[in-house]
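Being a predicted model, the structure only gives us computed values, none of them experimental. The chains referred to below are lettered A, B, ... by the order of the sequence lines, with proteins before strands, and numbering in each begins at 1.
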Amino acid sequence: MKKLTFSQKCYKLLKKIPKGKVSTYKWIAEKLNTKAYQAVGNAIHKNKNLMIIPCYKVINNNGCLGGYSKGINKKIKLLKNEGIEIKNNKIDLKKYEWFSG
DNA sequence: TCGAATGACAGCG
DNA sequence: CGCTGTCATTCGA
């Protein structure tokens, strides 16, 4: 097991998100066995892997989109492109949240 | 509604 | 080289 940093682990997990599904910061942080929810956002924010990591699939626990380096508008577009319907800048977690630990 | 907590990175001295 | 502030959040009182 290589010693990956928090960010690295974060990216790996994000890449595991299937198409048409989304994930929350909380979900990721818990999977990483940590409580640094912000660290997840931080790792993605600084994102050096924005091109290989679907950060647009990561949203708040409230179903809010949260944010996106390239712009929240872009995020919405990408999500809709996957078949995810967005209402009032929010996502139906009940329908799209990824449950596959 | 507000503050604390948690992890990595950038900037400053 | 070491410390502080920041970041797209979340939980508890």
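Under the 4.5 Å side-chain contact rule for hydrophobic residues, Leu50(A) and Ile59(A) share a cluster. Under a hydrophobic-cluster definition in which Ile, Leu, Val, Met, Phe, Trp and Tyr are linked whenever side-chain heavy atoms come within less than 4.5 Å, directly or via other members, Tyr96(A) and Tyr68(A) are assigned to the same cluster.
Of the charged side-chain nitrogens involved, at least one lies within less than 4.0 Å of a carboxylate oxygen, so that Glu82(A) and Lys57(A) count as a salt-bridged pair.
No contact: Thr5(A) has no heavy atom under 4.0 Å from any strand.
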Readout for nucleotides 6-13 of chain C: B = base within 4.0 Å of protein heavy atom, S = sugar-phosphate only, - = neither; 5' to 3' it is -BBBSS--
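Across Trp27(A) and Leu13(A), no two heavy atoms sit closer than the pair CZ3-CD2, 3.7 Å. Smallest separation of non-hydrogen atoms from Ile72(A) and Gly67(A): CD1-CA, 3.8 Å.
Rounding to the nearest 0.5 Å places OH of Tyr25(A) at 5.5 Å from CD1 of Ile44(A).
Lys77(A) and Asn73(A) form no side-chain donor-acceptor contact under 3.5 Å, judged by distance and modelled atom types alone.
Here the rule is side chain to side chain contact (heavy atoms under 4.5 Å, CB included) with Thr24(A), and of Ile91(A), Leu93(A), Val58(A) only Leu93(A) fits it.
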Starting at the 5' end of DNA chain C, what dot-bracket string do you get if Watson-Crick and G-U pairs under 3.5 Å are bracketed, crossing pairs use [ ], other-strand pairs use | and unpaired bases use dots? |||||||.|||||
